[in-house]
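Since the structure comes first, as structure tokens, the remarks are kept for the end.
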Amino acid sequence: MTTTAPPVKDRPGRPAGGDERLLHASPLRKLLGRPELGSVVGALAVFLFFAFVADSFLQLSSFGTVLYAASTIGIMAVPVALLMIGGEFDLSAGVMVTSSALISSMFSFQMTANVWVGVLVSLLVTLAFGVFNGIMLTRTKLPSFIITLGTFLMLTGLNLGLTKLISGTVSTKSIGDMEGFPSARKLFASQLTLGGVELKVTILWWAGLVAVATWILLRTRFGNWIFAVGGNADAARAVGVPVLKTKIALYMGVAFCAWIAGQHLLFSFDVVQSGEGVGNELIYIIAAVIGGCLITGGYGSAIGSAVGAFIFGMTSKGIVYAEWNPDWFKFFLGAMLLLATLLNAWVRKRAEATR
């Protein structure tokens with residue numbers, strides 16, 4: 001006598017046969033699966049909070065100031081987020097921005113050249129820093145924390161030592177009267193008025209970088225490689241992903257954005273202090289983590305890093321508009337980091353539970 005197993009009742013939404021590949025994802029499920037969801041909720045909470053405690057926070061002029069503060073962090077948070085998705089860190093990103101500005105300024109001044117020559121030389125040298133980090137990481141197999149910490153210390157020493165050796169002081173000489181300075185300032189440090197709001201050009205650079213990075217992550221093969229390398233480098237290598245080239249390219253991306261930020265620093269103030277940038281690398285990482293990137297890699301988004309930078313901008317300027325003691329800023333930043341990490345973890349668990 002034979003028996004037949006009772007038919008398996010499919011769950012609502014599951015196609016007959018139980019093939020998960022044919023499962024239709026609801027809009028809610030897609031939303032819960034977005035890495036930047038937690039940061040968007042956090043940004044809304046921060047916005048409402050400062051809108052309530054600081055009347056001037058809602059003024060149009062304040063909005064432009066907040067966006068500018070966010071853009072100076074967001075330009076670097078984008079490549080740092082991509083690097084973290086790829087499973088690595090870069091602790092030299094902050095001082096690399098200053099190195100880029102110093103190279104442009106000192107080369108132009110010492111060679112009495114058009115400042116655009118210094119800008120291009122700075123681009124090549126800064127990209128070389130990124131290649132160095134990537135090659136050292138892939139060749140030595142040491143953790144990126146150690147590699148980039150070493151680069152951080154070397155660049156910090158070079159910034160100070162070479163600046164004092166060449167300029168005689170800890171800051172560069174003025175290049176504001178040199179040929180090419182006005183056009184370079186227009187590209188890297190100008191501002192425009194839109195709807196009565198003065199916006200710095202860094203906001204446009206930031207928006208463009210977020211758009212390009214998002215396209216790379218979601219629409220290109222290289223984006224798939226970034227997620228694969230960050231998720232499991234050995235498995236990615238086994239299926240043909242060029243792990244070494246991908247990581248070197250990610251470090252070059254950080255270097256390129258450090259060059260952009262460095263040129264903005266130079267052409268905004270004309271001179272550069274050699275000790276600037278120390279500690280900013282942690283802020284870039286914080287912005288990426290608040291935006292949904294995992295410390296372990298393989299998860300995150302460029303849009304999330306932009307939201308994290310926007311939260312940073314709102315907090316840094318919101319404290320000023322609320323007339324609070326700015327000494328508390330780091331406390332609020334650390335609290336936001338913890339809360340955002342917990343919120344992102346909760347969102348991911350909810351997303352996995354609905355699959």
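Residue numbers run from 1 in the order of the sequence given. This is a predicted model, so every value here is computed, not measured.
With a 4.5 Å cut-off on side-chain heavy atoms, Val125 and Phe107 do not count as touching. Counting heavy atoms from C-beta on, the side chains of Thr172 and Leu102 come closer than 4.5 Å. When side chains are defined from C-beta on, Met84 counts as touching Ile295, because their heavy atoms get closer than 4.5 Å. Contact annotation: the side chain of Asn114 never approaches that of Ser108 to less than 4.5 Å [non-hydrogen atoms, C-beta and beyond]. Side-chain atoms of Lys247 and Val229, non-hydrogen and from C-beta on, do get closer than 4.5 Å to each other. Put simply, the side chain of Val271 does not reach to within 4.5 Å of the side chain of Lys173, judged on heavy atoms. A heavy-atom distance below 4.5 Å is found between the side chains of Val241 and Val239. Looking only at side-chain heavy atoms (C-beta outward), Leu199 and Gln191 stay at 4.5 Å or farther from each other.
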Audit row: Leu209, Ile75, side chain to side chain contact (heavy atoms under 4.5 Å, CB included) steps and yes/no: CA-CA 7 Å; Leu209 289 170; Ile75 287 175; 3.8 Å; yes

Derivation of the side chain to side chain contact (heavy atoms under 4.5 Å, CB included) call for Phe132 and Leu127: CA-CA 9 Å; Phe132 173 80; Leu127 287 176; over 6 Å; no

Derivation of the side-chain hydrogen bond (donor to acceptor under 3.5 Å, both in side chains) call for Asp270 and Ser174: CA-CA 6 Å; Asp270 187 16; Ser174 173; 2.5 Å; yes

Criterion side chain to side chain contact (heavy atoms under 4.5 Å, CB included) on Glu88 and Leu250, from CA distance to verdict: CA-CA 9 Å; Glu88 305 296 346; Leu250 289 173; over 6 Å; no

CA sep, side-chain torsions, deciding dist, call: Leu204, Leu192, side chain to side chain contact (heavy atoms under 4.5 Å, CB included): CA-CA 10 Å; Leu204 300 181; Leu192 64 155; 4.1 Å; yes

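Residues satisfying the ring-ring contact (aromatic ring centres under 6.0 Å, His included) test with Trp259, not counting sequence neighbours, are Phe188, Phe256.
The nearest pair of heavy atoms linking Ser301 to Cys293 is N-SG, 4.2 Å. Across all their heavy atoms, Val201 and Ala189 have their closest contact at CG1-N, 3.6 Å. Among all heavy-atom pairs drawn from Met178 and Ala113, the shortest one is CE-O, 3.0 Å. Taking all atoms of both residues into account, the shortest heavy-atom contact from Phe181 to Ile175 is CD1-O, 3.4 Å. When all heavy atoms of Ala69 and Lys317 are compared, the closest pair comes out as CB-CE, 3.7 Å.
Screening Val131, Thr151, Asn133, Ile135 for a side-chain contact (heavy atoms from CB on, under 4.5 Å) involving Tyr251 leaves a single residue, Asn133. Considering Asp90, Ile290, Leu83, Leu91 as possible partners of Ile285, the one that fulfils the side-chain contact (heavy atoms from CB on, under 4.5 Å) test is Leu91.
One distance of note links CZ of Phe57 with CZ of Phe47; it measures 6.0 Å at 0.5 Å rounding. Taking CD1 of Ile226 as the start and CD1 of Ile85 as the end, the distance is 7.0 Å to the nearest 0.5 Å. Interatomic distance, Leu149 CG to Glu281 CD, rounded to the nearest 0.5 Å: 9.5 Å. Remark: Glu198 CD to Thr65 OG1 distance equals 9.0 Å, nearest 0.5 Å. One finds the CH2 atom of Trp206 at 6.5 Å from the OG atom of Ser71 (value rounded to the nearest 0.5 Å). Taken from CG in Asn280 to CE in Met96, the straight-line distance is 13.0 Å, to the nearest 0.5 Å.
In this structure a side-chain-to-backbone donor-acceptor pair under 3.5 Å is missing from Ser190 to Leu187. A donor-acceptor pair is defined here as one N or O able to donate and one able to accept, closer than 3.5 Å; no such pair exists between the side chain of Ser105 and the backbone of Ala101. Under a 3.5 Å cut-off, the side chain of Ser62 and the backbone N or O of Leu58 do not form any donor-acceptor pair. Checking side-chain atoms of Trp225 against main-chain N and O of Lys245 turns up no donor-acceptor pair under 3.5 Å.
A side-chain donor from one of Trp116 and Ser183 sits under 3.5 Å from a side-chain acceptor of the other. In summary, the side chains of Ser100 and Ser122 do present a donor paired with an acceptor at a separation below 3.5 Å, with no hydrogens or angles considered. Side-chain atoms of Thr163 and Ser274 include no donor-acceptor pair closer than 3.5 Å.
Counting non-hydrogen atoms of neighbouring residues, nucleotides and ligands closer than 6.0 angstrom, the CD atom of Glu179 reaches no more than 12 such neighbours. Around atom CZ of Phe269, no more than 12 heavy atoms belonging to other residues, nucleotides or ligands sit under 6.0 Å away. Within a 6.0 Å sphere centred on CH2 of Trp215, other residues, nucleotides and ligands contribute 12 heavy atoms or fewer.
Other members of the hydrophobic cluster containing Val170, listed by chain and number, are Leu160; membership follows side-chain contacts under 4.5 Å among ILVMFWY residues, whether direct or relayed.
Tyr321 and Phe50 have their aromatic ring centers separated by at least 6.0 angstrom.
Sorted by first then second residue, the ring pair (Phe, Tyr, Trp, His ring centres under 6.0 Å) pairs that include residues 61-92, not counting sequence neighbours, are Tyr68-His264.
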